[in-house]
Amino acid sequence: MNDTAARIAHEVRRRRTFAIISHPDAGKTTLTEKLLLFSGAIQIAGSVKARKASRHATSDWMEIEKQRGISVASSVMQMEYRDCVINLLDTPGHQDFSEDTYRVLTAVDAALMVIDAANGVEPQTRRLLQVCRARNTPILTFVNKMDREVKAPLDLFDEIEAELGMSVVPFTWPVGMGKVFGGVLDLRRDQMRVFSPGEDRVKDADEIIDGIGNPLLAQRFGMAYEQAEGEVQLVREAAPGFDEAAFLAGRCTPMFFGSAINNFGVQEVLDALVELAPPPGPKAALQRTVQPTEPKFSGVVFKIQANMDPAHRDRIAFLRVASGHFERGMRLKVTRSGKELRPNSVVSFLSQKRELLEEAFAGDIIGIPNHGVLQLGDTLSEGESLQFTGLPFFAPEMFRSVEVADPLRTKQLRAGLTQLGEEGAIQVFRPVAGSLLLLGAVGQLQFEVVAHRLEHEYGCKARILPARYNVARWVTADTGEGAAADERELKRFVDGNAHRVALDAVDAPCVLLEYAGELRAMQENWPKIRFHALREHAGLVFQKQLDG
């Protein structure tokens, strides 16, 4: 192995790339802050709850996020800890922004699931877990808010196993809860970390008591400790030991307890991420499987964010490096368009804060400033024509028409919607017949965020109006007679249904309908047309065909 190959292999082994997922308000963004704090990436944490204060969570940078105290866009942060380079992606918890989260999950090698100990497994957690399970993503579980009155730990243990369909292996166990929360027993290290509240800074040293059976624990924590000790015995008898292969296959999750707002239990999670989460693995392309240690660079754009720096009206393409060694200024080819890029101002992230990047390796997330050259799902390489798969776009479930309040701002409206459509914040459709743009979304909050961003980022006040559509399907043709015949059949369908066909951000045709019954009738009338509820990048690959 030559020096370059050895260095690439070494750097790949150091990478850990993971997303934090949860139901809204489980404490995901708070935990993100505290992981940054414990890794030394920041010195003082933003108060997520103090929405009107000058400090906000490092990962919640968008103005509307600061106003509402929620995450509506994924953020990317890189940090170093214990000789590992950690790429951490904080995702939106709100279900209305699940598309963004699904795309982020295609760019990570593991996930950290945050569960509110008072509420247990909630609906959005289930949905996100389905995505992780479909990709066999390894999952670590952090049960948060143990400093409050919450569900019994054994009940949470049983609920997580039953709801998520995977075996749970406790790595820590709580002693008490709420006002009598004493700390956690570290089952791997045979010790107890004693709880003491404190929000902003990492304390010099938590109190550690060696030996889970230490008589001092019973004297100091009384009934709470005796109950915890009995529960640990039960769990150890009932639960299998930790199986690394099952964890890496997404069938087993290590479980940790703590209180992120109080910096408690975070250290154990951070250590486990470094020790247990896998380094970058192979990535499937249409042409072949790409290994992370290959010498040639390749990567895929999984997210585009407009106006991270409002002063410069920029657009950043977030790219997950899949293989090789990225160096600033190297020549890269965009597979979709064949265009060549020589990015010189590539950045790494600590949320909105950026640093100019000289090099990157498989697993890293890098930001490439661009003005419409890159789209979601684009593959970049050193010349090989590769197209990575798996980046999903879902058929919208809600529709609105949009018009500009001031006709003189029509240009700004179109520019704003084009950019927001490119970044996936909303799906924008241009009717084949008609000029009124249509917006498609998974949830109502997406429309509100788009209206807010159009006004504050593009200086364009928009009216979001009702639309009559409720069903959308992308369309392709399959005549069995070859590409030319397919193209003719698709044109015949579009021409015959021009009043209800629209083109999306990548000009993929989509039929818009009012009722599911219309879709069934259309499928019968057009047997050579395929109707898709899910598409991949640029309409190149349609993964799933549904009947309605």
Side-chain angles (χ1 to χ4, degrees), residues 8 12 17 76 99 102-109 135 280-306 315-347 357 359-393 418-419 421-424 474 476 483 486-487 503-509 532 534-544:
I8 290 174
V12 169
T17 304
V76 179
E99 262 199 315
Y102 293 153
R103 286 193 283 266
V104 164
L105 289 174
T106 68
V108 300
D109 304 304
R135 302 179 62 82
K283 191 157 182 61
L286 289 176
Q287 295 78 7
R288 64 182 183 86
T289 297
V290 176
Q291 300 296 328
T293 53
E294 291 180 15
K296 295 281 190 180
F297 170 85
S298 66
V300 60
V301 176
F302 67 93
K303 173 182 171 62
I304 292 177
Q305 185 70 57
R315 271 180 281 176
I316 300 289
F318 290 73
L319 180 137
R320 154 76 191 236
V321 181
S323 68
H325 179 202
F326 172 83
E327 295 179 274
R328 187 157 68 95
M330 71 190 303
R331 293 177 184 273
L332 298 176
K333 175 188 169 188
V334 184
T335 298
R336 172 183 53 83
S337 63
K339 290 183 178 177
E340 188 179 273
L341 295 179
R342 292 194 68 177
N344 279 303
S345 52
V346 174
V347 292
L357 188 77
E359 62 176 0
F361 297 87
D364 286 339
I365 309 296
I366 65 176
I368 301 177
N370 83 108
H371 296 282
V373 175
L374 296 173
Q375 295 179 353
L376 284 169
D378 272 350
T379 297
L380 276 70
S381 73
E382 285 191 65
E384 184 180 358
S385 290
L386 292 169
Q387 178 59 56
F388 289 113
T389 61
L391 200 73
F393 293 81
T418 298
Q419 292 187 18
E422 284 174 358
E423 74 172 57
W474 284 282
T476 58
D486 290 353
E487 194 173 322
L503 303 178
D504 70 4
V506 295
D507 292 333
H532 309 271
L534 175 74
R535 78 158 174 85
E536 282 201 13
H537 163 62
L540 293 174
V541 184
F542 287 81
Q543 273 196 330
K544 189 190 294 183

Is there side-chain contact between [X] and [Y], with heavy atoms separated by less than 4.5 Å?
X      : Y      : answer
Phe388 : Val290 : yes
Leu319 : Ile365 : no
Asp504 : Trp474 : yes
Leu380 : Leu386 : no
Phe361 : Val321 : no
Thr476 : Asp486 : no

Sorted by chain and residue number, the side-chain hydrogen bond (donor to acceptor under 3.5 Å, both in side chains) partners of Arg342 (sequence neighbours excluded) come out as none

Which residues pass the side-chain hydrogen bond (donor to acceptor under 3.5 Å, both in side chains) test with Asp507, sequence neighbours left out?
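Result, side-chain hydrogen bond (donor to acceptor under 3.5 Å, both in side chains) vs Asp507: Arg430.
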
Could you report the tightest heavy-atom contact between [X] and [Y], atom names first, then the distance?
X      : Y      : result
Ala362 : Ala322 : CB-O, 3.6 Å
Asp378 : Val373 : OD2-O, 3.9 Å
Val301 : Ala317 : CG1-CB, 4.0 Å
Pro280 : Gly363 : CG-CA, 3.6 Å
Ile368 : Pro343 : CG2-CB, 4.1 Å
Pro282 : Gln291 : CG-OE1, 3.5 Å

Of Gln287, Lys296, Arg288, Lys333, which meets side chain to side chain donor-acceptor pair (under 3.5 Å) against Glu384?
Arg288

Once ring pair (Phe, Tyr, Trp, His ring centres under 6.0 Å) is applied, do any residues pair with Phe302, and if so which ones, sequence neighbours excluded?
none

Would a line drawn from the ring center of His325 to the ring center of Phe297 be shorter than 6.0 Å?
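No, they do not, as the ring centres are separated by 6.0 Å or more.
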
Glu382 vs Arg331, test: side-chain contact (heavy atoms from CB on, under 4.5 Å). Steps then yes/no.
CA-CA 6 Å; Glu382 285 191 65; Arg331 293 177 184 273; over 6 Å; no

Run the numbers on Phe326 and Leu332 for side-chain contact (heavy atoms from CB on, under 4.5 Å), then give the verdict.
CA-CA 10 Å; Phe326 172 83; Leu332 298 176; 4.0 Å; yes

Side-chain H-bond candidate by donor/acceptor type, Ser298 with Ser323, under 3.5 Å:
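Ser298 vs Ser323: donor-acceptor pair found between side chains.
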
Any chance CD of Glu359 has more than 12 other-residue heavy atoms, nucleotides or ligands included, within less than 6.0 Å?
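More than 12 within 6.0 Å, yes.
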
As a quick check of understanding, evaluate side chain to side chain donor-acceptor pair (under 3.5 Å) for Lys283 and Thr389, giving each step before the final call.
CA-CA 9 Å; Lys283 191 157 182 61; Thr389 61; over 6 Å; no

Output for pair (Ser345 OG, Ile316 CD1), nearest 0.5 Å, gives 7.5 Å

Looking at Thr335 and Gln387, would you say the former's side chain and the latter's main chain have a donor-acceptor pair under 3.5 Å?
no

Let's go through Arg336 and Thr379 carefully: what are the C-alpha distance in whole Å and the side-chain angles of both, what is the deciding distance for side-chain contact (heavy atoms from CB on, under 4.5 Å) to 0.1 Å, and is it a yes or a no?
CA-CA 7 Å; Arg336 172 183 53 83; Thr379 297; over 6 Å; no

